[in-house]
Amino acid sequence: MKVFPELYTSRLKLRKVERDDLGALLKYANNKRISENILNISYPYKEEDAAFWIDLALKAYVTGERVVFAINLKEHNEFIGAVGLSIDTRHNHAEMGYWIGEPFWGKGLMTEAVKEVLNFGFHTLHLHKIYATVFPENNASEKILINSGLVKEGELVDQYKIGDVYKTVFQYRLIKYEYEK
């Protein structure tokens, strides 16, 4: 895809991440509660972290490695979070990652965005499988995956080392034939 796709739900616009999103990205990502649940968001989250992430998202789309959507409310053009797919073309699957700013938690917005990206992944990218991992204590994120139709595949014990602590994650998946049921 040469032109970055835009996706729409009843309340959201999912669009290309832009360098102009840096201020809003800093505002919402610089949050300890978010960094505790997202591997690649540190706390404090600094301007150079945000600039690096934006550049990475833009370059990864060009190479076909990732599609990262900025999440906006339809009535505002402000970045409030992100949802994306890291694509493995050899195995025709992708890992989904997502986060949204704390003022937008508990409103069903992330579930709305995840469902739209699942549709995009299966029908536009023609992926066979989409999966995501979640820390066991992140009940809200786990609920998003379940409400979006993903199935718990298993527990990956001590999967990630964060500082001196090993963290376990649950892995959820959706295969195209399961999605189409």
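Treat the numbers as computed from the prediction; the structure is a model and nothing was measured.
- Follow the hydrophobic side-chain contacts under 4.5 Å out from Val169 and you never reach Ile130; the two are in separate clusters.
- A salt bridge links Lys129 with Glu153: the distance from a Lys NZ or Arg NE/NH1/NH2 to an Asp or Glu carboxylate oxygen falls below 4.0 Å.
- The existence of a salt bridge linking Glu178 and Arg173 is confirmed by a sub-4.0 Å separation between a basic side-chain nitrogen and an acidic carboxylate oxygen.
- Judged purely by distance below 3.5 Å, without hydrogens or angles, the side chains of Glu112 and Thr9 pair a donor atom with an acceptor atom.
- When all heavy atoms are compared, the tightest approach of Asn119 to His123 is OD1-ND1, 2.7 Å.
- Atom CD of Glu102 has more than 12 neighbouring heavy atoms from other residues, nucleotides or ligands inside a 6.0 Å radius.
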Yes or no on side-chain contact (heavy atoms from CB on, under 4.5 Å) for His93 and His128, after CA distance, side-chain angles and deciding distance?
CA-CA 6 Å; His93 65 225; His128 175 69; 5.8 Å; no

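- The cationic atom of Lys16 (NZ for Lys, CZ for Arg) does not lie both less than 6.0 Å from the six-membered ring centre of Tyr61 and within 45° of the ring axis.
- Across Ile144, Leu73, Val114, a single residue satisfies side-chain contact (heavy atoms from CB on, under 4.5 Å) together with Leu109, and that is Leu73.
- Following chains of ILVMFWY side-chain contacts shorter than 4.5 Å, one cannot reach Tyr131 starting from Val83, and the two form parts of different hydrophobic clusters.
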For Phe69 and Phe120, what are the C-alpha separation, side-chain angles and deciding distance, and is it a ring-ring contact (aromatic ring centres under 6.0 Å, His included)?
CA-CA 11 Å; Phe69 292 94; Phe120 171 79; 5.4 Å; yes

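- In this structure the side chain of Tyr43 never reaches within 4.5 angstrom of the side chain of Asn31, judged on heavy atoms.
- Judged purely by distance below 3.5 Å, without hydrogens or angles, the side chains of Tyr160 and Thr168 never pair a donor atom with an acceptor atom.
- Salt bridge absent: Glu95 and Arg66 never bring a charged side-chain N and a carboxylate O closer than 4.0 Å.
- Using a 4.5 Å cut-off between side-chain heavy atoms of Ile, Leu, Val, Met, Phe, Trp and Tyr, with links allowed through other members, Leu85 and Phe4 fall into the same hydrophobic cluster.
- No more than 12 heavy atoms of other residues, nucleotides or ligands lie within 6.0 Å of NZ in Lys59, so this atom counts as exposed by the packing criterion.
- Between the side chain of Trp105 and the backbone N or O of Ile100 there is at least one donor-acceptor pair closer than 3.5 Å.
- Side-chain atoms of Ser141 and Trp99, non-hydrogen and from C-beta on, never get closer than 4.5 Å to each other.
- Listed for the Asn30 side chain is no donor-acceptor partner under 3.5 Å among the backbone atoms of Pro44.
- Ring centers of Tyr28 and Phe79: at least 6.0 Å apart, outside the cut-off.
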Where do Tyr8 and Glu116 land on the side-chain hydrogen bond (donor to acceptor under 3.5 Å, both in side chains) test, with the steps shown first?
CA-CA 8 Å; Tyr8 295 89; Glu116 190 62 27; over 6 Å; no

